[in-house]
Asks: 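My questions all concern the structure below.
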2 protein chains.
Amino acid sequence: MISDNNINKYRDELQNKGIQPSFHRLKIYEYLKSVKNHPTADEVHRELTSQIPTLSKTTVYNTLNLLVENSLIFAITIDNGEVHFDGDIKPHGHFKCLKCGKIYDIFIDEGEMNFGLKISHEITEIQIYMKGYCEDCKKSP
Amino acid sequence: MISDNNINKYRDELQNKGIQPSFHRLKIYEYLKSVKNHPTADEVHRELTSQIPTLSKTTVYNTLNLLVENSLIFAITIDNGEVHFDGDIKPHGHFKCLKCGKIYDIFIDEGEMNFGLKISHEITEIQIYMKGYCEDCKKSP
DNA sequence: GTATCTGCAAAACATTTGCAATTCT
DNA sequence: AGAATTGCAAATGTTTTGCAGATAC
């Protein structure tokens, strides 16, 4: 296990939000924190059932929603069909290639992300989605 | 009819993209261009069936997808469940209130929307989504 | 012992698809 | 006539829900 040494940190993060750090929840949260791509609920489930054969999809959905509601992970709705999840909650954008479908992280300077806005709504979350053709697919789009 | 005088313009815009401007397509496109909110496919269908009782949901979906593919309208995926559509294709962001669910337009200076990025992907579309509590709901979130 | 978490199966929901009928040129 | 558009019904795929059993505090 790659990030076993972070388990206690993750447990604390859940507890600080008032979430009981059950075995399943902790595993799902750890998985999202350790992985560098943006898995769907189905992918999280498929990946973790190899370690935890009894893990149900319902629990995966329940837990992911719980984590999103508590701002511990982000839900990425750049796709129409299915939601992707991102354990990296420091502000950044996402780019989806229209050809290969891959989702890339786009690092954006935090100072660039307020757009000089003066609006009266209270903003709790910003998502920036870009689409197009990635470097690899650009030649033949 | 509010924007009858724009019909010829809309017809031209469809034809310039190689889309046959059928009656249904023209009506759907006109509706999206004239409305100031961000209807879902279902809302477009519900609204237009009062004028065009024979209009099917399949045609609404077909047409909306065709318009999106040809960059004549935008698909807004700020919601998980359903896609909203926006006939206003000049760059701007969207804000969704987590309490009342309303989606507001956020006008962003176009110069603010490149984020000083130097990335090697070819970007064809940028969507900026913000969430939080709108002015009206801020008092009791 | 009571509340919470989990899992199964079924339901809900938006969207897509296959195909036949209609319409347009 | 021929090609494109349309509509119905069924299928698809993701996510949610109801409820019973298991687990934890």
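Each chain gets a letter, A, B and so on, in the order its sequence line appears, and its residues count up from 1. Please read these numbers as outputs of a predicted model, since none were measured by experiment.
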Asks: Rounded to whole Å, how long is the line connecting atom CZ of B:Arg25 with atom P of D:dG7?
Replies: 11 Å
Asks: Is a side-chain donor or acceptor of B:Tyr129 paired with a backbone partner of B:Thr77 at a separation under 3.5 angstrom?
Replies: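 Yes, because the side chain of B:Tyr129 sits within donor-acceptor range (under 3.5 Å) of the backbone of B:Thr77.
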Asks: Expressed as a whole number of angstroms, how long is the span from B:Arg46:CZ to C:dC13:P?
Replies: 13 Å
Asks: From C-beta outward on A:Leu55, which listed nucleotide comes closest to its side chain: D:dG7, C:dG7, D:dA4?
Replies: C:dG7
Asks: Report whether B:Tyr10 and B:Val60 are members of the same hydrophobic cluster (ILVMFWY, side-chain heavy atoms less than 4.5 Å apart, transitive linking).
Replies: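 B:Tyr10 clusters together with B:Val60.
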Asks: Once you round it to whole Å, what is the distance between P of D:dA3 and CD1 of B:Ile19?
Replies: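 Between P of D:dA3 and CD1 of B:Ile19: 21 Å.
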Asks: Given ring pair (Phe, Tyr, Trp, His ring centres under 6.0 Å), test B:Phe74 with B:Phe85 step by step and report yes or no.
Replies: CA-CA 6 Å; B:Phe74 277 142; B:Phe85 295 91; over 10 Å; no
Asks: Whole-Å distance between D:dT5 C1' and B:Leu26 CG?
Replies: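 Those two atoms, CG and C1', are 14 Å apart.
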Asks: So which nucleotide from C:dT6, D:dG7, D:dA4 ends up closest to the side chain of A:Thr59?
Replies: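 Selected nucleotide: C:dT6.
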Asks: Does D:dT23 have OP1 or OP2 sitting under 4.0 Å from an N or O in the side chain of A:Ser22?
Replies: no
Asks: Can you see whether B:Asp86 engages B:His92 through a side-chain donor-acceptor pair at a distance of less than 3.5 angstrom?
Replies: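 Yes - a donor-acceptor pair under 3.5 Å links their side chains.
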Asks: Using a cut-off of less than 4.0 Å, is there contact between a side-chain N or O of B:His24 and OP1 or OP2 of C:dT23?
Replies: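 B:His24 to C:dT23 OP1/OP2: no side-chain N or O under 4.0 Å.
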Asks: Hydrogens and angles aside, do A:Glu125 and A:Gln127 bring a side-chain donor and acceptor to less than 3.5 Å of each other?
Replies: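 A:Glu125 vs A:Gln127: donor-acceptor pair found between side chains.
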Asks: Rounded to whole angstroms, how far apart are CD1 on B:Ile52 and C1' on D:dG7?
Replies: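 In whole Å, D:dG7 C1' lies 14 Å from B:Ile52 CD1.
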Asks: If you group Ile, Leu, Val, Met, Phe, Trp and Tyr by side-chain heavy-atom gaps below 4.5 Å, do A:Ile108 and A:Ile103 land in one group?
Replies: no
Asks: Nearest whole angstrom, please: distance from the P of D:dG13 to the NE2 of A:His45.
Replies: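 Distance check: A:His45 NE2 to D:dG13 P gives 17 Å.
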Asks: What integer distance in Å separates B:Leu66:CG from D:dT5:P?
Replies: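 To the nearest whole Å, that distance equals 8 Å.
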Asks: Could you go step by step and tell me if A:His121 and B:Tyr104 meet the ring pair (Phe, Tyr, Trp, His ring centres under 6.0 Å) rule?
Replies: CA-CA 10 Å; A:His121 309 312; B:Tyr104 296 82; 4.5 Å; yes
Asks: Nearest whole angstrom, please: distance from the P of C:dC5 to the CG of A:Leu67.
Replies: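 About 12 Å, once rounded to whole Å.
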Asks: It should be established whether A:Ser56 places a side-chain nitrogen or oxygen under 4.0 Å from OP1 or OP2 of nucleotide C:dG7.
Replies: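 Looking at the OP1 and OP2 atoms of C:dG7, one of them is under 4.0 Å from a side-chain N or O of A:Ser56.
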Asks: For nucleotides 14-20 of chain D, just jot down a letter per nucleotide in 5' to 3' order: B, S or -, based on protein non-hydrogen atoms under 4.0 Å.
Replies: SBBB---
